[in-house]
Structures are given as structure tokens and as C-alpha cells.
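Each residue takes its place number in the sequence, starting with 1. Basis for what follows: all heavy atoms, side chains included, without hydrogens, waters or symmetry-related copies.
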Amino acid sequence: MNDTMGQVIRLTTLEGQRVELVDKMIGSGAMKDVYFSPDRSYVVALFRDPQDAQARERLMMIAGSYRDGIFGQVGGDYWNEVFCWPTGVVEHEGKVGVVVPAYRKPFFFEFGSKNDDMLGIRGREKEGKWFASAHNQSRFLDQRERGNWLNYLRIGIRLARAARRLHAAGLAHSDLSYKNALIDPRTGDACLIDLDGLVVPGKFPPDVVGTPDFIAPEVVMTSHLDRHDPGRHLPSIATDRHALAVLIYMYLLYRHPLRGDKVHDPDPQRDEALAMGERALFIEHPLDLSNRIRADLARDSELPWKDTRKIPYRVTGPYLTPLFDRAFIDGLHQPGARPTADDWEHALVKTADLLQPCVNPTCDQGWYVFDNTYSPACPFCGTPFVGKLPVLNFYSSRRGGQFTLDDHRLMVYTDQSLFRWHVRRNLSPNERLSAEDRRRVGYFVLHNQVWWFVNERLPDLFDLDRNSAIPIGGRVALKDGIRLLFSREPDGRLAIVQMVDA
């Protein structure tokens with residue numbers, strides 16, 4: 001027996017599976033103490049307080065039927081990447097616990113903080129709070145940990161996709177926040193944790209009200225009421241939608257959407273309750289300017305992100321901007337008006353197709369939403385785009401063979417890829433895609449000042465203007481106004497090329 005490792009305890013889950021834990025605590029949260037398995041492939045988290053019959057039933061259902069319902073569907077393997085989902089329930093020395101997969105390697109800091117890891121975070125979990133504010137990023141984190149704007153979009157897609165799947169199963173997270181979302185901005189990876197507290201509306205109430213910064217205003221406003229009072233709002237799918245919108249806003253803009261400089265009350269606690277509850281107000285509200293952030297009062301480490309005039313939320317593009325309006329204007333105090341997780345997922349995917357790499361090699365963000373309504377430039381470093389750029393505007397056939405403009409465009413850059421979900425309107429890049437549908441079907445390249453599309457896997461690619469097929473392995477020059485038919489399937493798309501001069 002290795003004393004430094006601790007004693008190995010063998011247990012049987014309530015479902016009948018054999019598990020082991022090393023009797024040496026590796027972490028402790030608000031409610032649980034955590035122990036590794038001998039091979040460190042999973043952990044056992046034991047609740048410190050006794051769990052009543054209802055709590056046990058909830059844990060059994062989360063690790064059992066609810067897990068099976070999500071992981072057992074088509075594409076279920078995908079959820080191993082975005083959920084750290086309990087796989088079993090145990091009892092040990094009178095304590096109830098859950099068996100949970102260990103966090104994957106990308107979710108631990110490799111380089112840590114500046115100045116040779118002055119904070120001692122190297123090797124610790126990448127809790128999202130480190131990345132959600134400009135101050136934390138610029139003051140504390142090693143540049144190699146900070147990622148780029150494209151990867152924060154990818155993180156948003158994964159979080160929206162995870163929330164969408166929970167909500168489709170009738171579940172709410174209850175504490176969706178940067179404390180319960182591990183992210184890796186170096187790769188765009190994200191994973192929801194602490195799923196043993198899932199809320200089943202009407203059956204299992206939440207254990208917590210949430211994490212400050214992410215608690216919906218209606219929950220803050222009624223938190224003083226007894227939890228059984230019919231007027232009290234508890235965490236639900238509607239409050240998850242608020243938290244998801246806050247997360248996406250913070251990961252793209254490194255500031256909180258409600259924390260402006262308006263003072264509601266001289267008492268700090270009362271002021272906080274009003275600012276996050278009854279009088280919550282979007283800092284970028286187009287009509288009520290009273291909660292604007294004063295850039296002259298911001299710390300240097302918070303700029304330029306806290307200057308909403310320099311980096312307004314409109315830099316997120318034409319698909320995300322209206323969703324932020326719905327989340328923080330229409331739906332801030334009207335939960336039914338909030339965008340769904342599905343709304344966010346689709347908007348984030350379409351926004352990713354509008355990204356353009358910044359030509360400035362020292363730009364911290366590296367990518368931005370290309371806006372050709374005016375002279376395009378990176379909003380983060382100010383570097384203008386110079387040259388000609390193709391934009392593919394997608395059309396699809398819905399009735400009678402007539403093509404209708406889709407609300408979807410693809411910005412082109414060297415080595416940009418075309419995928420099957422661009423080619424067919426009814427395909428979406430989600431967990432249900434087959435391995436074949438995930439492969440790219442072609443790519444774009446600039447050669448001798450001419451933009452080309454190279455056909456790798458499209459048997460039906462057709463140039464309608466030249467009335468000629470482009471075979472697999474062939475290429476077609478992209479010129480203003482040319483029409484390319486990608487597929488002859490009923491939902492196949494037509495692209496009309498628009499050349500943007502900048």
C-alpha cells in the first residue's frame with residue numbers, strides 16, 4: 001500500500017457497478033468532497049450533508065434514465081465532450097455520492113498566469129471566470145491561455161448546444177455560470193459540470209438559486225420569499241436562458257451586460273439587489289443610457305472592452321445583436337421573450353461563417369465579424385481590410401423549384417472550408433451529423449490575385465453561368481455575380497458570389 005496515495009476503497013453503485021476511490025480528498029466544494037479513482041479516470045464526489053429520499057431519487061434518475069435518454073440517442077457520444085455527467089450513485093460511511101468522469105486534459109491550465117504562474121493556477125481547472133473579464137485576462141493570464149475570438153464563438157456554440165439538449169429533455173441546470181462551465185479558449189472546447197443538481201420542473205426543485213452575475217432578475221427580486229411561496233421564482237429553463245445569454249455576452253465582450261455605473265441605492269447590498277433584480281438594465285440599452293459604463297472610470301486592464309463606444313455589442317454581427325436585444329431588453333424582465341438555447345446555437349454558427357482573420361499578426365483577437373456595409377476593419381485592433389473578398393450568399397429551393405434567399409452567408413478567406421451543411425439547407429452542424437457529413441467538401445484559395453473554389457467532394461457542382469459542371473478535383477474562379485449550384489438534392493443550395501472591394 002502506497003501511503004502517499006491513500007487507501008483504495010471498493011464500492012458498488014446503487015445501480016450495481018463496481019467503482020473504487022482513493023481515500024485521499026483532492027478537492028472540496030460548497031456541498032461535496034471529491035476523491036479520485038485509482039486510475040484517475042473518474043472521481044467520486046460525496047455529499048457532506050445527508051440526502052433525503054427525494055434527493056436520492058433525483059440523483060438516481062440523473063445518473064440513470066435522464067443520462068440514458070441523452071447519451072443513448074443518435075449522436076449521444078458527442079455529449080461526453082460537453083457534459084461531465086454523473087454515471088452512478090454510491091453510499092459510503094453514511095454519505096451519498098456520485099461517480100463522475102474526470103475532467104479532460106484541455107480543461108487544466110498548462111501555462112497558468114503571468115510572471116511564472118504567480119497565482120499558482122498551473123494544473124488547476126480552467127474555470128470560466130478567469131476568461132470572462134478583460135481585467136482577469138490582461139492582468140493575470142499567460143497570453144498562451146487566452147485564445148482568440150473564433151474560439152470564444154466555438155465555446156458559445158458548445159454551451160448553447162449543451163443547454164439546448166438539457167432543455168429538450170425538460171431539464172434545467174439551475175446554476176449555469178462561469179463557475180460550472182469549464183472552457184479552453186486555446187481550442188474552443190467547453191464542458192458543463194455539476195450536473196447532479198439538475199432541476200426537473202414540477203418534480204425536483206433546485207438546491208441553489210444560482211451564482212451572482214447569472215441569476216435572472218425575477219429570481220433576485222423574489223429571493224426573500226419562502227421557497228414554497230407561489231410568488232417566488234426558482235431556477236428553471238427560463239432562468240437558464242438568461243444565464244446563457246450572460247455567458248455568451250461575457251465571453252465575446254469581456255464585460256457584464258448589466259453591471260454599468262448607475263447607482264440605485266447608497267446601501268451596497270440594496271444597490272446590488274436592485275441592479276441585478278427589479279431595476280436591472282442593459283448597459284447598452286439604446287434608449288435608456290442611465291446605466292452606461294463610464295470609460296474614464298475603468299481600470300486600464302479593463303480597456304478597451306469596457307468602453308462600449310469603442311467596442312459596442314454590435315461587433316458581434318447581424319445574427320447575435322438582435323438576440324442580445326431580446327435577452328437584455330425585451331426578455332430581461334419578461335422571461336417568455338428570452339432567446340432559446342437553439343436560437344443562440346443557430347446564430348453563433350451563422351456568425352462563425354461571417355468571420356474573417358485579422359491581417360494584423362499582433363491582434364490579440366485574431367478574428368472579427370466582417371461587415372461590408374462600410375469600410376471593413378477589425379474592431380479590436382482597428383486594422384482595415386484591404387483587397388477583394390468573395391462573399392457567398394446562399395439560396396435554397398423551397399417550392400416550385402424557385403430559389404429563395406437564405407439568411408446565411410459565408411465569408412471567404414484562404415483555406416476557408418465548405419461543408420455539407422453549407423451545401424444543404426436542412427443539415428445543421430450539430431451532434432447528429434454523421435462522420436461523412438462532418439468532412440469538408442471543398443475549400444477556397446487565393447492564387448495569382450484570383451479567388452478559386454476547389455471541389456473535393458461535390459458530384460453535382462455546376463456553374464450556371466457557364467452551363468458547365470465542375471468535376472471533383474476541379475476548380476472554379478470566383479467572380480462577382482456568378483451562380484454556383486452545389487447540390488441537386490431537394491434542399492440543395494445555390495450560391496451567388498458577391499465580390500467585396502475594400
Side-chain angles (χ1 to χ4, degrees), residues 146-157 185-188 252 311 314-320 347-395 406-423 429 438-458 461 463 470 473-484 486 493-502:
R146 292 167 60 179
N148 58 46
W149 214 68
L150 169 61
N151 284 343
Y152 284 103
L153 264 183
R154 289 171 171 161
I155 286 167
I157 291 171
R186 300 171 63 195
T187 62
L252 294 180
I311 304 182
R314 293 186 303 277
V315 304
T316 60
Y319 302 119
L320 293 176
L348 287 158
V349 166
K350 291 198 292 185
T351 298
D353 283 340
L354 296 183
L355 290 194
Q356 187 68 205
C358 182
V359 297
N360 175 8
T362 64
C363 178
D364 285 343
Q365 298 306 309
W367 299 81
Y368 63 97
V369 175
F370 189 92
D371 187 341
N372 63 341
T373 60
Y374 57 92
S375 181
C378 174
F380 309 123
C381 71
T383 304
F385 177 85
V386 178
K388 284 192 174 184
L389 199 64
V391 182
L392 272 60
N393 294 291
F394 293 130
Y395 294 72
D406 293 333
D407 186 22
H408 195 164
R409 293 179 296 161
L410 180 68
M411 303 301 303
V412 172
Y413 51 84
T414 292
D415 293 329
Q416 164 75 301
S417 296
L418 190 78
F419 290 94
R420 202 170 293 278
W421 61 80
H422 296 125
V423 170
R438 290 191 182 98
R439 296 175 60 193
R440 78 177 187 182
V441 297
Y443 64 93
F444 302 87
V445 64
L446 180 64
H447 181 67
N448 291 335
Q449 303 305 308
V450 177
W451 282 101
W452 299 89
F453 173 67
V454 180
N455 181 15
E456 292 181 299
R457 300 176 58 246
L458 292 175
L461 183 61
D463 184 337
I470 295 100
R475 64 180 185 174
V476 57
L478 302 181
K479 298 178 181 178
D480 193 61
I482 72 164
R483 298 170 299 160
L484 298 176
F486 288 129
R493 276 191 167 127
L494 165 76
I496 298 181
V497 177
Q498 174 189 359
M499 298 301 296
V500 177
D501 244 328

From CH2 (W367) to OH (Y152), nearest 0.5 Å: 16.0 Å
Exercise: identify the closest heavy-atom pair between M411 and V391: CE-CG2, 3.5 Å
Flag side-chain contact, heavy atom, 4.5 Å: L418 against L458: yes
Donor-acceptor pair, side chain of N455 and main chain of G474, under 3.5 angstrom: no
Heavy-atom closest contact (W452 atom, H447 atom, distance): NE1-O, 3.8 Å
Rounded distance (nearest 0.5 Å) linking atom OH of Y395 with atom CG of L484: 13.0 Å
Show the atom names and distances, to 0.1 Å, of all donor-acceptor pairs under 3.5 Å that link a side chain in residues 347-359 to residues at least two apart or in another chain.
residue	atom	partner	partner atom	Å
K350	NZ	D407	O	3.0
T351	OG1	A347	O	2.7
D353	OD1	H422	NE2	3.2
D353	OD2	H408	NE2	2.7
D353	OD2	H422	NE2	3.0
Q356	NE2	V412	O	3.3

4.5 Å side-chain heavy-atom contact, W451 and T414: yes
Pairing residues for R483 by the side-chain contact (heavy atoms from CB on, under 4.5 Å) criterion, not counting sequence neighbours: L464, D465, L494, I496
Gap between atom CZ of F444 and atom CD of Q416 - 0.5 Å precision: 6.5 Å
Side-chain heavy atoms of V315 within contact of Y368, under 4.5 Å: no
Spatial distance of atom CG (N360) from atom CZ (F380) [nearest 0.5 Å]: 13.0 Å
Atom pair CD (Q498) and CG (L389), whose distance is rounded to the nearest 0.5 Å: 10.0 Å
Verdict with supporting geometry, V441 and F486, side chain to side chain contact (heavy atoms under 4.5 Å, CB included): CA-CA 10 Å; V441 297; F486 288 129; over 6 Å; no
Flag side-chain contact, heavy atom, 4.5 Å: V497 against F453: no
Whether W149 side chain and L252 backbone form a donor-acceptor pair below 3.5 Å: yes
Under 3.5 Å donor-acceptor, N148 side chain and L150 backbone: yes
Heavy-atom closest pair, residues P318 and V369: CD-CG1, 4.4 Å
Rounded distance [0.5 Å steps], CG in L392 versus CG in L410: 5.5 Å
Exceeds 12 heavy-atom contacts within 6.0 angstrom, atom CZ of R186: yes
Flag side-chain contact, heavy atom, 4.5 Å: T187 against N151: no
Flag side-chain contact, heavy atom, 4.5 Å: E456 against R439: no
